[in-house]
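To start, the structure itself, in structure tokens.
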Amino acid sequence: EPKAVNRDYYNFTMDIQTPKLSVSYKLEGMEDGKKRVYAEWCIRMMLDAIFSPLNKEYQKWMDEGIINDFVGCDIDLGKDYGVLLFYGETSRKEDFLKIVDASFDKIRHGEIQEELLQQLKRRYFGQSVRSLNSFDDIAITFVRNYFDNSDFFSSFDILDKITLEDIKEYCRTLDKT
């Protein structure tokens, strides 16, 4: 994957009621599978702390019509690629972009309270266990773990060991370029 962005902006027209918008940031990949899982967990925690209903401003964004219930974010790191993604359905594009920009800056600072960190760990542990009810999730996780030379349960150990300092360390590496 080249480091340069292929295209800065892309727009296409479809027959939909509310425009959909996605903002993505290219990230460096990570060779070390264990480190990669660690980084994904850390950054994902900050994403949820800043760009989800866990953030007090989230309801304000909803009330102002900047976002609706089709909004989210995700992180995906591979050996030679990485992407940080924000998406939403909004007719207030400029306001949404401002929120994403401000959220990215907050995520980079990695400020999170210990209580929220523990809440997120419990949430992710529960989601991971619940994913075992889905054949598709099991298959995707199995294949990904196979190629990373890891197993499903090792990610629980990694998740459990994450500290506030780890989150700050990995989030500081994020770059908008």
Side-chain angles (χ1 to χ4, degrees), residues 20-30 32-62 67-79 81-90 96 99-100 102-104 106-174:
K20 297 179 183 348
L21 183 65
S22 171
V23 179
S24 301
Y25 298 97
K26 243 181 172 180
L27 306 174
E28 293 286 328
M30 294 183 145
D32 185 323
K34 188 174 179 179
K35 222 175 172 182
R36 189 169 53 246
V37 171
Y38 215 87
E40 272 192 7
W41 279 124
C42 289
I43 295 167
R44 184 165 284 122
M45 285 185 194
M46 282 307 302
L47 286 171
D48 276 348
I50 302 299
F51 204 75
S52 80
L54 293 173
N55 181 349
K56 294 174 189 169
E57 293 180 72
Y58 188 88
Q59 186 61 48
K60 184 181 123 201
W61 302 337
M62 294 273 284
I67 63 171
N68 61 20
D69 59 347
F70 181 78
V71 66
C73 51
D74 202 5
I75 175 84
D76 185 21
L77 294 174
K79 290 180 182 181
Y81 72 92
V83 66
L84 180 61
L85 169 74
F86 297 88
Y87 60 88
E89 195 177 64
T90 183
F96 181 79
I99 288 171
V100 167
S103 296
F104 186 94
K106 288 178 183 176
I107 290 164
R108 278 200 72 219
H109 287 96
E111 296 296 326
I112 187 172
Q113 301 297 318
E114 181 66 35
E115 184 179 329
L116 182 55
L117 172 62
Q118 296 308 318
Q119 178 185 350
L120 287 167
K121 284 182 178 184
R122 289 188 300 273
R123 173 186 284 193
Y124 295 137
F125 182 80
Q127 287 174 346
S128 296
V129 171
R130 193 177 64 222
S131 76
L132 295 172
N133 287 331
S134 166
F135 179 76
D136 290 347
D137 287 347
I138 292 170
I140 290 167
T141 302
F142 177 81
V143 169
R144 189 168 189 180
N145 288 335
Y146 175 81
F147 287 110
D148 285 342
N149 294 320
S150 66
D151 66 85
F152 177 78
F153 297 103
S154 66
S155 68
F156 291 139
D157 295 335
I158 292 170
L159 177 61
D160 191 45
K161 292 176 185 172
I162 291 175
T163 66
L164 295 173
E165 273 309 308
D166 295 330
I167 291 174
K168 284 182 184 180
E169 178 186 333
Y170 282 106
C171 288
R172 273 188 219 124
T173 66
L174 296 176

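Numbering of residues begins at 1 and proceeds along the displayed sequence. What you see is a predicted model; the values in this text were computed from it and never measured.
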Please name the pair of heavy atoms, one in I167 and one in M46, separated by the smallest distance, quoted to 0.1 Å.
CG2-CG, 3.4 Å

Mind running salt bridge (Lys or Arg N to Asp or Glu O under 4.0 Å) on E57 and K106 for me, showing each step along the way?
CA-CA 13 Å; E57 293 180 72; K106 288 178 183 176; 2.6 Å; yes

Within the side chain of R108, is there an N or O that forms a donor-acceptor pair under 3.5 Å with the backbone of T173?
no

Quick one: does S24's side chain get under 4.5 Å of L84's, heavy atoms only?
no

Any side-chain heavy-atom pair from H109 and R172 closer than 4.5 angstrom?
no

Quick check: do L174 and E28 have side-chain heavy atoms less than 4.5 Å from each other?
no

So, for F70 and Y87, is the gap between ring centers shorter than 6.0 Å?
yes

Please report the C-alpha distance between Q119 and L54 in whole Å, then the side-chain angles of each, then the deciding distance to 0.1 Å, and finally whether the side chain to side chain contact (heavy atoms under 4.5 Å, CB included) criterion is met.
CA-CA 10 Å; Q119 178 185 350; L54 293 173; 3.6 Å; yes

More than 12 heavy atoms of other residues, nucleotides or ligands under 6.0 Å from CD of Q127: is that the case?
yes

Check whether K20 reaches the backbone of E89 with its side chain - one donor and one acceptor, N or O, closer than 3.5 Å.
no

So do the side chains of F86 and I99 get within less than 4.5 Å of each other, counting heavy atoms only?
no

Keeping S134 on the side-chain end and S131 on the backbone end, is there a donor-acceptor pair under 3.5 Å?
no

Would you say the side chain of D74 lies within less than 4.5 Å of the side chain of L47, judging by non-hydrogen atoms?
no

Minimal heavy-atom distance between Y170 and I43, with the atoms involved, is O-CD1, 4.3 Å

With rounding to the nearest 0.5 Å, note down the distance linking CE in M45 to CG in D48.
9.0 Å

K34 side chain to S155 backbone, donor-acceptor under 3.5 Å
no

Write down the atom of C42, the atom of C171, and the distance for their closest heavy-atom approach.
O-SG, 4.2 Å

Looking only at side chains, do D32 and Y38 share a donor and an acceptor under 3.5 Å apart?
no

Any donor-acceptor N or O pair under 3.5 Å, side chains D166, T163
yes

Between Q118 and E114, does any side-chain donor sit less than 3.5 Å from a side-chain acceptor?
yes

Hey, is the main chain of F104 close enough, under 3.5 Å, to the side chain of Y25 for a donor-acceptor pair?
no

Drop me the distance from T141's OG1 to D136's CG, to the nearest 0.5 angstrom.
10.5 Å

Any side-chain heavy atom of L164 within less than 4.5 Å of one from I112?
yes

Taking side chain as C-beta onward, heavy atoms only, is N133 less than 4.5 Å from I138?
no

Which pair of heavy atoms, one from I67 and one from F96, lies closest together, and at what distance?
CG2-CD1, 3.9 Å

For residues T90 and N68, determine if any side-chain heavy atom of one lies less than 4.5 Å from a side-chain heavy atom of the other.
no

Measure across E40 and L77 and return the closest heavy-atom pair with its distance rounded to 0.1 Å.
OE2-N, 2.6 Å

List the steps, then state whether side chain to side chain contact (heavy atoms under 4.5 Å, CB included) holds for K121 with F125.
CA-CA 6 Å; K121 284 182 178 184; F125 182 80; over 6 Å; no

Look up atom CG in L159 and atom OH in Y124, then write down how far apart they are to the nearest 0.5 Å.
8.5 Å

Taking all heavy atoms of G72 and all of F51, pick out the closest pair and write down the distance.
O-CE2, 3.4 Å

Determine the interplanar angle of the F153 and F156 rings, folded into 0 to 90°, and report it as parallel if under 30°, tilted if 30 to 60°, perpendicular if over 60°.
tilted

Using 0.5 Å steps for rounding, measure from the CD1 atom of I50 to the SG atom of C73.
10.0 Å

Between Y81 and D76, does any side-chain donor sit less than 3.5 Å from a side-chain acceptor?
yes

So how far is it from L85 CG to I75 CD1, rounded to the nearest 0.5 Å?
9.5 Å

